[in-house]
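To start, the structure itself, in structure tokens.
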Amino acid sequence: MARISMTTVIAVVVAVAMVARLPIKATGMTCGEVDFDLLPCLSYIRDGGDVPSECCKGLSALVDAAKTTDDRRTACNCLKSLASGASNDELNRAAGLPDKCNISLPYKFSPSTDCSK
């Protein structure tokens, strides 16, 4: 019986040690997060029509999540990268999203946006 208890204690100690060594998530924003927030906008950007309410919620979540200058710069660069593969019609629809969603975006959806400012 004591052997089982010792094995359990060792397992718990090893588990705690492993968890303690896990890297802590960096607080910075990633392009994956930007993509996730804007995913509901994709059908509108591609095809037009009505802007889904989930798109505006995602855009709002993106703006809310980009608290620091580094986060805003990252989000800007992610959007710039996405914009580089878009057609003119898609760029125009994407550029109109902040107005359609009544959200202030500190940068434009454009492949020429200067994200350093």
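Since the model is a prediction, treat every value here as computed from it, not as a measurement.
- Proximity of L59 to L97: side-chain heavy atoms (C-beta onward) are separated by under 4.5 Å at one or more points.
- Sorted by first and then second residue, the salt bridge (Lys or Arg N to Asp or Glu O under 4.0 Å) pairs with a member in residues 35-51 form an empty list; sequence neighbours excluded.
- Each disulfide (SG to SG under 2.5 Å) pair with one or both residues in residues 81-110, not counting sequence neighbours, appears once here: C56-C101.
- Among pairs with a residue in residues 84-98, none fulfils salt bridge (Lys or Arg N to Asp or Glu O under 4.0 Å), at least two apart in sequence or across chains.
- N92 CG to S87 OG: the interatomic distance, rounded to the nearest 0.5 Å, is 8.5 Å.
- P52 and P40 make their closest contact through CG-O, 3.6 Å (heavy atoms, listed as atom of the first residue, atom of the second, distance).
- For K80, the NZ atom counts as densely surrounded, since its 6.0 Å shell holds more than 12 non-hydrogen atoms of other residues, nucleotides or ligands.
- With sequence neighbours left out, K57 forms a side-chain hydrogen bond (donor to acceptor under 3.5 Å, both in side chains) with E54.
- Remark: N88 pairs with no residue by the side-chain hydrogen bond (donor to acceptor under 3.5 Å, both in side chains) rule, at least two apart or across chains.
- Contact record, L62 with A75: CD1-CB, 4.1 Å, taken as the closest heavy-atom pair.
- For the side chain to side chain contact (heavy atoms under 4.5 Å, CB included) test, residues two or more places apart in sequence or in another chain that qualify with S60 are D64, I103.
- For S116, the side-chain hydrogen bond (donor to acceptor under 3.5 Å, both in side chains) partners at least two apart in sequence or on another chain are D114.
- Side-chain contact check for F109 versus L38: some heavy-atom pair is nearer than 4.5 Å.
- Looking only at side-chain heavy atoms (C-beta outward), K100 and Y44 come within less than 4.5 Å of each other.
- Residues satisfying the side chain to side chain contact (heavy atoms under 4.5 Å, CB included) test with T68, not counting sequence neighbours, are D70, D71.
- Tracing side-chain contacts under 4.5 Å through hydrophobic residues (I, L, V, M, F, W, Y), one never reaches L105 starting from L42; they form parts of separate clusters.
- Every residue two or more places apart in sequence or in another chain was checked for a side-chain hydrogen bond (donor to acceptor under 3.5 Å, both in side chains) with R73, and none qualifies.
- To the nearest 0.5 Å, atoms CG (D99) and OG (S104) are separated by 9.5 Å.
- Looking at residues two or more places apart in sequence or on another chain, you find a side chain to side chain contact (heavy atoms under 4.5 Å, CB included) between P111 and A83, S84, L91.
- Remark: side-chain polar atoms of T113 are not paired, donor with acceptor, to backbone N or O of C115 under 3.5 angstrom.
- The two residues P106 and R72 make their nearest non-hydrogen contact at CG-CD, 4.3 Å.
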